[in-house]
Amino acid sequence: MAAPTVLYLHGGPALAPVFERARYPEATHIHWWHQPLAKPCAERPYRDLLDAALAELQRVAGEGGQPLTLMASSFGAHLAVHLARQAPQLVKDIVLLAPTYNPEDASLRLARRAFRVHSHDHHAGKLAAALSMYEHDPGRPRFWDVFGALTLLPDVTELYFGPTGGAQAASDFRALIQQPGAFDGPSSVAISDDFAALDHTPVASPFTGPVSVLFGTYDPIIDADKDRTLWETVFPQASFFTVETGHFPLLELSLEACLDPA
């Protein structure tokens, strides 16, 4: 079997690439990296994840003897930024799929969208109260209150998908995420909180190779105009594309369309 030419950095955090592997079982040229979970009581779980990502890039690129394409989804874009900064010589090009620059803002945007869609649900009042408390006292504890209230609403996963993927993609997503090992809540909280505690002022990357950024027209969590400005600071050479998907282009488009949007 030929060595992988693409390193896939999934989002989440702590969301395994079970969806992508199920959709593209023949894509042996892609290394669907299953990121390690946060260790119990780890002091720097997000930074541990960055170290693990760099080690994985060095291992896969070393075994193949060539630079790799980094394909990153959602939160995984921050891992791609780190790898491009630490080892640009090991990166051939970068594809960012619905990259989420500020995960907290993105989740709050999703919560507000979910409230508008499900305003008549009997749990909607809890979400409205949590959002109001966050606005008066922002911070991680209030943020997690919002997230907890959001999970009480029905069919929230359907909001992630555009009309092309539709209810079937959302149904597949719900089924797969219930598989053992598909998602680890404690790791997600630990990594997210460690990430939020750091400064993420955008800084230009030393990587000067090709970069493609895909934003979904129906993405409920990203403000494409705002985020484009941030990603342009990191990758001034980036080409931006708008695709007819929600937040997971790789689950609604073909693999080829994501890797080569031009």
Side-chain angles (χ1 to χ4, degrees), residues 9-19 33-56 72-86 96-115 126-153 156-157 159-160 177-178 180-203 219-223 226-227 230-231 234 247-248:
L9 305 164
H10 61 72
L15 188 66
V18 294
F19 321 101
W33 181 44
H34 193 139
Q35 300 167 19
L37 302 180
K39 296 179 180 178
C41 302
E43 295 182 1
R44 35 168 283 169
Y46 170 65
R47 285 158 284 186
D48 290 343
L49 179 58
L50 294 181
D51 292 344
L54 180 57
E56 193 71 2
S73 174
S74 192
F75 180 81
H78 286 281
L79 304 187
V81 170
H82 179 72
L83 299 185
R85 180 173 294 126
Q86 297 299 317
L96 303 181
L97 306 174
T100 307
Y101 198 87
N102 187 320
E104 185 168 315
D105 283 353
S107 295
L108 292 169
R109 192 173 292 112
L110 174 64
R112 295 182 182 107
R113 168 74 178 278
F115 176 76
K126 297 177 183 177
L127 179 57
L131 284 167
S132 178
M133 294 177 71
Y134 176 90
E135 290 168 359
H136 286 88
D137 182 24
R140 297 305 286 179
R142 295 299 190 193
F143 166 76
W144 288 117
D145 288 343
V146 171
F147 193 85
L150 174 62
T151 63
L152 299 176
L153 296 183
V156 171
T157 53
L159 300 178
Y160 281 111
I177 203 171
Q178 293 173 7
F183 177 71
D184 186 79
S187 289
S188 183
V189 172
I191 294 168
S192 297
D193 283 349
D194 189 35
F195 174 88
L198 302 175
D199 178 20
H200 297 287
T201 302
V203 177
D219 193 330
I221 76 171
I222 288 179
D223 181 337
K226 177 182 177 181
D227 282 17
L230 297 169
W231 291 113
V234 180
H247 187 59
F248 297 110

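When reading the values below, keep in mind they use all heavy atoms of this one structure, side chains included, and skip hydrogens, waters and symmetry mates. These numbers were taken from a predicted model, which means no experiment stands behind them.
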Could you walk me through whether Glu104 and Arg140 pass the salt bridge (Lys or Arg N to Asp or Glu O under 4.0 Å) test, one step at a time? CA-CA 9 Å; Glu104 185 168 315; Arg140 297 305 286 179; 2.6 Å; yes
To the nearest 0.5 Å, tell me how far Ile222 CD1 sits from Asn102 CG. 11.0 Å
CG of Leu37 to CD1 of Ile191, rounded to nearest 0.5 Å, is 7.5 Å
From Thr201 OG1 over to Leu230 CG, what is the distance, rounded to the nearest 0.5 angstrom? 10.0 Å
Trp144 vs Phe147 aromatic rings, parallel, tilted or perpendicular, using cut-offs 30° and 60°? perpendicular
Donor-acceptor under 3.5 Å (Gln35 side chain, His10 main chain): yes
Roughly how far, to the nearest 0.5 Å, is CZ of Arg142 from CG of Leu108? 13.5 Å
Spell out, as yes or no, whether a donor-acceptor pair under 3.5 Å connects the side chain of Ser192 to the backbone of Val189. no
Which heavy atom in Pro103 sits nearest to a heavy atom in Phe195, and how many Å separate them? CD-CE2, 3.4 Å
Side chain of Ser74, backbone of Pro99: donor and acceptor closer than 3.5 Å? no
Which distance, rounded to the nearest 0.5 Å, do you find between the CG of Leu110 and the CG of Leu150? 5.0 Å
Please state whether the rings of Tyr101 and Trp231 are parallel, tilted or perpendicular, taking 30° and 60° as the class boundaries. perpendicular
I'd like to know if the side chain of Ser188 and the backbone of Asp184 have a donor-acceptor N/O pair within less than 3.5 Å. no
Side-chain donor/acceptor of His82 to backbone N/O of His78, under 3.5 Å: no
With sequence neighbours excluded, what pairs up with Asp223 under the salt bridge (Lys or Arg N to Asp or Glu O under 4.0 Å) test? none
For Phe75 versus Gly12, what's the shortest heavy-atom pair and its separation? CB-N, 4.1 Å
Beyond-backbone contact of Arg109 with Pro220, side-chain heavy atoms, under 4.5 angstrom: no
I'd like to check Val234 versus Val203 (side-chain heavy atoms, cut-off strictly below 4.5 Å). Are they in contact? no
Measure the spacing between NZ of Lys226 and CG of Asp105 and express it to the nearest 0.5 Å. 4.5 Å
For Leu96 and Ala80, work out which heavy atoms get closest and say how close. CD2-CB, 4.1 Å
Please work out whether the ring planes of Tyr46 and His200 are parallel, tilted or perpendicular, with thresholds of 30° and 60°. perpendicular
Is the distance between the ring centroids of Phe19 and Phe248 less than 6.0 Å? no
Shortest non-hydrogen contact from Leu9 toward Leu83: CD1-CD1, 4.1 Å
